[in-house]
Q: 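Structure below; questions to follow.
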Amino acid sequence: MPWKQRYLRKTLSLALAGMTTLGFLSVTETRAQGSASPNPSNALTCEKLNTVTIANTTITLAQLVQAGQLDLPDDAFGPRAIPAAMKAALLSRLPAFCRVAATIRPTADSDIKIELWMPAEGWNGRFLGVGNGAWAGRINYPDLASSLRRGFAVASTDTGHESGPFDASFANGHPEKLIDFAYRSVHLMTVSAKALIDAFYGSPARYSYWNSCSTGGMQGLMEAQRFPTDYNGILAGAPANYFTHLMFGHNWPEYTTMKDASSHISLEKFEIVQN
């Protein structure tokens, strides 16, 4: 077998092994293999989680959501509104869960929003952190929903600001907000989520994992480098690392080379490249 084929086969095998290790199986398999042992005698009800004390953290919502009864704004699943029927279909498939929202302020200029969704039944004993794309600026509701359906207790953060995914103006003149975006928000989200999971189930998560791509991949690398005990395993997909070079790489062709029509690639040249 040629070396390239051997390399690709080995890479694919490792990737699949890693996915299995982190528990990304079917819902049934995940729950069966990772069933937890909550301790109800030590557990708080969902509504009582607002009494949990976590440094620099204010619980703003602690609510038990019945199966299929969650309502979110249309833009919660992305900057473009989705059809009402699609939104209803997505939300109607969610199981009952405890929804916790919190604000974390480690500095005077910090305003980190997080959400933690915990299955009311069938928890697989695992905590999952999910990240963001581009410059973040919103809670990752799609990944919260899909991970909850797999039995995970799952958390997401807006990384400390509210904005469109390609708007970095929040960082101008706000170095603490830039630090929150870069690494602090994800770490503090993880610390808070673990404490709330322990309080709700009466026992800590057996395993904690990170799974995300792009900016989320960069967040995973930051976690591994700065806070290696936060997660037992990290899937850092397509990480947006080497950030300054990456941003200049985006900006150079768009705002420098291609800003004039005379610099655009002709259809004839595109045809040559395609061929």
Side-chain angles (χ1 to χ4, degrees), residues 15 18-19 21-24 57 72 75-79 90 99-104 106 110-118 126-168 170-171 176-197 205 207-244 246-247 250:
M19 291 172 69
T21 300
L22 295 191
F24 294 97
T57 301
L72 292 172
D75 66 352
F77 290 92
L90 289 169
R99 181 187 183 188
V100 181
T103 300
I104 307 175
S110 294
D111 188 30
I112 301 167
K113 301 293 196 302
I114 70 168
E115 285 210 24
L116 170 67
W117 293 7
M118 297 177 285
R126 300 165 182 170
F127 164 58
L128 184 67
V130 295
N132 310 87
W135 288 97
R138 64 172 58 237
I139 300 288
N140 187 346
Y141 287 109
D143 280 2
L144 286 177
S146 63
S147 302
L148 178 72
R149 291 179 60 227
R150 291 177 177 268
F152 288 95
V154 56
S156 172
T157 175
D158 66 359
T159 74
H161 65 279
E162 297 179 5
S163 70
F166 303 109
D167 181 2
F170 72 90
E176 295 296 342
K177 289 186 181 298
L178 184 59
I179 292 172
D180 289 337
F181 166 78
Y183 62 86
R184 186 162 52 199
S185 60
V186 169
H187 170 62
L188 294 180
M189 173 200 80
T190 302
V191 171
S192 295
K194 287 183 176 182
L196 290 164
I197 288 169
Y207 300 102
S208 298
Y209 301 123
W210 177 266
N211 178 33
S212 209
C213 293
S214 192
T215 294
M218 178 269 287
Q219 291 166 330
L221 294 182
M222 279 291 200
E223 277 291 299
Q225 180 175 338
R226 291 177 176 270
F227 309 103
T229 61
D230 276 2
Y231 292 96
N232 298 105
I234 289 172
L235 281 176
N241 58 328
Y242 214 168
F243 215 68
T244 52
L246 179 64
M247 291 300 104
H250 275 300

Q: Once side-chain hydrogen bond (donor to acceptor under 3.5 Å, both in side chains) is applied, do any residues pair with Y231, and if so which ones, sequence neighbours excluded?
A: T190
Q: Roughly how far apart are Q225 CD and I234 CD1, rounded to 0.5 Å?
A: 11.0 Å
Q: Distance check, rounded to the nearest 0.5 Å: S147 atom OG versus F127 atom CZ?
A: 10.5 Å
Q: Who are the salt bridge (Lys or Arg N to Asp or Glu O under 4.0 Å) partners of D143, not counting sequence neighbours?
A: none
Q: Testing I114, L116, V130 one by one against M189 for a side-chain contact (heavy atoms from CB on, under 4.5 Å), which residue passes?
A: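 Passing option: I114.
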Q: Any chance you could measure I104, atom CD1, to I112, atom CD1, to the nearest 0.5 Å?
A: 5.5 Å
Q: I'd like to know whether S212 forms a side chain to side chain contact (heavy atoms under 4.5 Å, CB included) with N132, so could you lay out the CA-CA distance, the side-chain angles of the two residues, the decisive distance to 0.1 Å, and finally the verdict.
A: CA-CA 7 Å; S212 209; N132 310 87; over 6 Å; no
Q: Looking only at non-hydrogen atoms, find the nearest pair between A193 and A155 and report the distance.
A: CB-CB, 4.0 Å
Q: Are the side chain of D158 and the backbone of I139 linked by a donor-acceptor contact shorter than 3.5 Å?
A: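 Answer holds: no.
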Q: Please check this pair: side chain of D111 against backbone of G160, looking for a donor-acceptor N/O pair closer than 3.5 Å.
A: no
Q: Would you mind reporting whether Q219 and Y183 have side-chain heavy atoms less than 4.5 Å apart?
A: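 No, every pair of side-chain atoms sits at 4.5 Å or beyond.
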Q: State, with a plain yes or no, whether a side-chain heavy atom of S208 is found less than 4.5 Å away from one of D230.
A: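 A side-chain contact is absent here, since even the closest heavy-atom pair is not under 4.5 Å.
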Q: Taking the side chain as C-beta and beyond, is there a heavy-atom pair between N241 and L246 under 4.5 Å?
A: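 No - every pair of side-chain heavy atoms lies 4.5 Å or more apart.
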Q: So which atom in A236 and which in G217 form the shortest heavy-atom distance, rounded to 0.1 Å?
A: CB-O, 3.4 Å
Q: Quick one: closest heavy-atom pair of P142 and F77, and the distance?
A: CG-CD2, 3.6 Å
Q: Between M118 and V100, is a side chain to side chain contact (heavy atoms under 4.5 Å, CB included) present by the stated rule, with each step listed?
A: CA-CA 8 Å; M118 297 177 285; V100 181; 4.0 Å; yes
Q: How about F181 and F170: do any of their side-chain heavy atoms sit closer than 4.5 Å?
A: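 Yes, at least one pair of side-chain atoms sits under 4.5 Å.
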Q: State, to 0.1 Å, how close A134 and P165 come at their nearest heavy-atom pair, and which atoms those are.
A: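 Closest pair (atom of A134, atom of P165, distance): CB-O, 2.8 Å.
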Q: Give, for atom CG of L221 and atom CZ of R226, the distance between the pair rounded to the nearest 0.5 Å.
A: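 The distance works out to 12.0 Å.
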Q: Nearest 0.5 Å, what's the CZ-NE2 distance between F227 and H187?
A: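 One finds 4.5 Å between CZ of F227 and NE2 of H187.
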Q: Sequence neighbours excluded, which residues qualify as salt bridge (Lys or Arg N to Asp or Glu O under 4.0 Å) partners of E223?
A: none
Q: For R138, enumerate each residue passing the salt bridge (Lys or Arg N to Asp or Glu O under 4.0 Å) test, keeping only those at least two apart in sequence or located in another chain.
A: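 With sequence neighbours excluded, R138 shows a salt bridge (Lys or Arg N to Asp or Glu O under 4.0 Å) to no residue whatsoever.
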Q: Once ring pair (Phe, Tyr, Trp, His ring centres under 6.0 Å) is applied, do any residues pair with F243, and if so which ones, sequence neighbours excluded?
A: W135
Q: Quick one: are W210 and L128 in side-chain contact, heavy atoms under 4.5 Å?
A: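 They are not in side-chain contact.
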Q: Report yes if some heavy atom in the side chain of N232 is under 4.5 Å from a heavy atom in the side chain of Y209; otherwise report no.
A: yes
Q: Scan for salt bridge (charged side-chain N to carboxylate O under 4.0 Å, His left out) pairs involving residues 176-191, sequence neighbours excluded, and state none if there are none.
A: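 The answer is E176-R184, D180-R184.
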Q: Taking T157 for its side chain and T159 for its backbone only, find out whether a donor-acceptor pair lies under 3.5 Å.
A: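 Such a contact is found between T157 side chain and T159 backbone.
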Q: So, T103 side chain and K113 main chain: donor-acceptor pair closer than 3.5 Å or not?
A: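 Here the side-chain-to-backbone pair does not exist.
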Q: If you round to the nearest 0.5 Å, how far is NE2 of H161 from CG of L178?
A: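 Between L178 CG and H161 NE2, I get 10.0 Å after rounding to 0.5 Å.
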Q: Using side-chain heavy atoms (C-beta onward) and a distance below 4.5 Å, is L188 in contact with P106?
A: yes
Q: Answer whether the closest heavy-atom distance between the side chains of S156 and V154 falls below 4.5 Å.
A: no
